[in-house]
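What follows is a single structure, written as structure tokens, with notes after it.
Since this is a predicted model, take the numbers as computed values, not measurements.
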Amino acid sequence: MARLHLVDGTWELFRAHHSPRPSRTDPSGRDVKATVGVVESLLRLLGDRAESVTHLAVAFDNPIESFRNDLFADYKDGSGVDPALTAQFDLVEQGVAALGITVWSLDEHEADDAIATAATTLAGSFDQIRILTPDKDLGQVVQGDHIVQVDRMRDREFDEQGVIERLGVPPRSVPDLLALVGDTADGIPGLPGFGAKGAAAVLRRWPHLEDIPTDVSDWDVTVRGAARLAATFADRRDDALLYRRLATLVLDVPLDLDPSALEWQGPTADVWATWCASMGASRLVDRPRGHH
């Protein structure tokens, strides 16, 4: 079965940086723990027979900021990121490219936008598309068991029913849910008083923000503190609509989405060997199974 694997490289980079693994430096003394960690993670993915990787791409935020920062001043930015990690944004892209994998480096948009664009655009070209990130916002592009989300760290897979069980709403309502409850990872505050269960109950009755009555007397769903929530929503409706825009992924990021260009054929031997040597990671030279 032909599958496309789409990896959130920025999430992988942060995970590798904060992992309990020992620190690592290259021959010049630079911190490269996160960079080598991402490449090792991708080597494990490529060697995983159950995943049977044939086509893949890795998307990175470089820099962290995007068009969303122009829409909302408190949206996530790079201000709190460890400089040792920021210094590896270019390095990790070079490492993934040296491994022969397609790299999408995003500046105006975010990695999640590129992944969402590729998943929805290429849905008809693959038997299954596997989105490798636990980020809740990518639940919005899950379709049946055709476009699924995979949390490699916890060994969990979310098809459409899995998204419903995880978040309480179907994929189409995920941006609305994040608008109400917020998304701390992205700096979206949500509306006061809206918890995950209450917001999901409201959205199961009214799938989108536009559908939610602003008059509590029209709320025919049992939610704790309904009157207070209705008042908050009526007062902060414009904020909620802005937050939803922030949480809605872009589906038309300009990318080369020729399926043949995404096929992994292994690294070019000398390019890969040079990169491994530059990282002080020569033990990785023989790991890929597809030299050419």
Counting only heavy atoms not in R156, do more than 12 sit closer than 6.0 Å to its CZ atom?
no
Contact check, side chains of R172 and P207, non-hydrogen atoms, under 4.5 Å:
yes
Please name the pair of heavy atoms, one in P213 and one in D218, separated by the smallest distance, quoted to 0.1 Å.
CB-CB, 3.6 Å
Going only through I, L, V, M, F, W and Y residues with side-chain contacts under 4.5 Å, is there a path from I212 to I188?
yes
Among D137, D239, D183, D176, find the one that has a salt bridge (charged side-chain N to carboxylate O under 4.0 Å, His left out) with R244.
D176
Between Y243 and L191, does the side-chain contact (heavy atoms from CB on, under 4.5 Å) criterion hold? Intermediate values first, please.
CA-CA 9 Å; Y243 301 157; L191 300 189; 4.1 Å; yes
Hey, could you give me the OG1/CD distance between T35 and E93, rounded to the nearest 0.5 Å?
10.0 Å
State, yes or no, whether a side-chain contact exists between L91 and R30 at a heavy-atom distance under 4.5 Å.
yes
Do L209 and L180 touch side chain to side chain, with heavy atoms closer than 4.5 Å?
yes
Would you find a donor on one side and an acceptor on the other, under 3.5 Å apart, between the side chain of Q149 and the backbone of D135?
yes
Under a 3.5 Å distance rule, please check whether Q265 uses its side chain to pair with a backbone N or O of G100 as donor and acceptor.
no
Just list the side-chain donor-acceptor pairs under 3.5 Å for residues 252-262, sequence neighbours left out, or say none.
unit_1, atom_1, unit_2, atom_2, d
D256, OD1, D258, N, 3.2
D258, OD1, S260, N, 3.1
D258, OD1, S260, OG, 2.9
D258, OD2, S260, OG, 3.0

Between F14 and F89, how do the two ring planes meet: parallel, tilted or perpendicular, split at 30° and 60°?
tilted
Any side-chain heavy atom of F67 sitting closer than 4.5 Å to one from Y75?
no
Are more than 12 heavy atoms, taken from residues, nucleotides or ligands other than K136, located less than 6.0 Å from that residue's NZ atom?
no
Using atom types as modelled and distance alone, determine if a side-chain donor or acceptor of R68 lies under 3.5 Å from a backbone N or O of L246.
yes
Working for side-chain contact (heavy atoms from CB on, under 4.5 Å), residues I147 and I131
CA-CA 7 Å; I147 300 177; I131 297 173; 3.8 Å; yes
With heavy-atom distances below 4.5 Å as the criterion, would you say the side chains of L167 and L177 are in contact?
yes
Side chains of F233 and V216, heavy atoms from C-beta outward: is any pair under 4.5 Å?
no
Hydrophobic cluster membership, L284 vs L46, 4.5 Å side-chain cutoff:
yes
For residues F194 and L241: do they belong to one hydrophobic cluster (side chain heavy atoms under 4.5 Å, members Ile, Leu, Val, Met, Phe, Trp, Tyr)?
yes
Over 12 foreign heavy atoms within 6.0 Å of CZ, R224
no
Say you draw a straight line from CG of L45 to CD of E40; how long is it, rounded to the nearest 0.5 Å?
14.0 Å
Worked check of side-chain contact (heavy atoms from CB on, under 4.5 Å) between V7 and I101
CA-CA 11 Å; V7 181; I101 297 173; over 6 Å; no
Residue pairs meeting ring-ring contact (aromatic ring centres under 6.0 Å, His included), one or both in residues 112-159, sequence neighbours left out, come to H55-F126
For the residue pair P288 and L99, establish whether any side-chain heavy-atom pair is separated by less than 4.5 Å.
yes
Measuring from D31:CG to L85:CG, what's the distance to the nearest 0.5 Å?
8.5 Å
Same cluster or not: are L249 and I64 linked, directly or through other Ile, Leu, Val, Met, Phe, Trp or Tyr residues, by side-chain heavy atoms under 4.5 angstrom apart?
no
Is the shortest side-chain heavy-atom distance between P171 and Q143 below 4.5 Å?
no
Verify salt bridge (charged side-chain N to carboxylate O under 4.0 Å, His left out) between D151 and R166, making sure each step is shown before the conclusion.
CA-CA 12 Å; D151 181 347; R166 181 189 187 194; 5.6 Å; no
Does R24 reach the main-chain N or O of G37 with its side chain, forming a donor-acceptor pair under 3.5 Å?
no
Decide if atom CG of D238 counts as having more than 12 heavy atoms of other residues, nucleotides or ligands within a radius under 6.0 Å.
no
Return yes if some donor-acceptor pair links the side-chain N/O of Q140 with the main-chain N/O of T248 below 3.5 Å, else return no.
no
T120 (side chain) donor-acceptor with T117 (main chain) under 3.5 angstrom
yes
Would you say D113's side chain and V250's backbone share a donor-acceptor pair under 3.5 angstrom?
yes
Once ring pair (Phe, Tyr, Trp, His ring centres under 6.0 Å) is applied, do any residues pair with W275, and if so which ones, sequence neighbours excluded?
W272
Using only atom types and a distance under 3.5 Å, with no angle test, would you say the side chain of D127 pairs donor to acceptor with the backbone of A2?
yes
What pair of heavy atoms forms the shortest contact from S66 to E110, and how long is it?
OG-OE2, 3.3 Å
Look up atom CG in L13 and atom CG in N62, then write down how far apart they are to the nearest 0.5 Å.
9.5 Å
In terms of heavy-atom contacts, G9 and V58 come closest through CA-CG1, 3.6 Å
Would E51 and R152 pass as an ion pair if we require N to O under 4.0 Å?
no
How close do V181 and A199 get, counting heavy atoms only, and between which atoms?
CG1-CB, 3.5 Å
Over all heavy atoms of both residues, which pair between A118 and I129 is shortest? Give the atoms and the distance, please.
O-CD1, 4.4 Å
Could you give the distance from CG (D235) to CZ (R237), rounded to the nearest 0.5 Å?
12.5 Å
Would you give the length of the straight line joining atom CG of L132 to atom CG of L138, rounded to the nearest 0.5 angstrom?
11.0 Å
Distance-only, no hydrogens or angles: does the D82 side chain make a donor-acceptor pair with backbone N or O of A84 under 3.5 Å?
yes
Cluster overlap V150 with L42, hydrophobic side-chain contacts below 4.5 Å
yes
Which heavy atom in G198 sits nearest to a heavy atom in V223, and how many Å separate them?
CA-CG1, 3.8 Å
Kindly indicate, with the supporting measurements, whether the criterion side-chain contact (heavy atoms from CB on, under 4.5 Å) is fulfilled by M279 and Q94.
CA-CA 11 Å; M279 292 292 110; Q94 294 161 12; over 6 Å; no
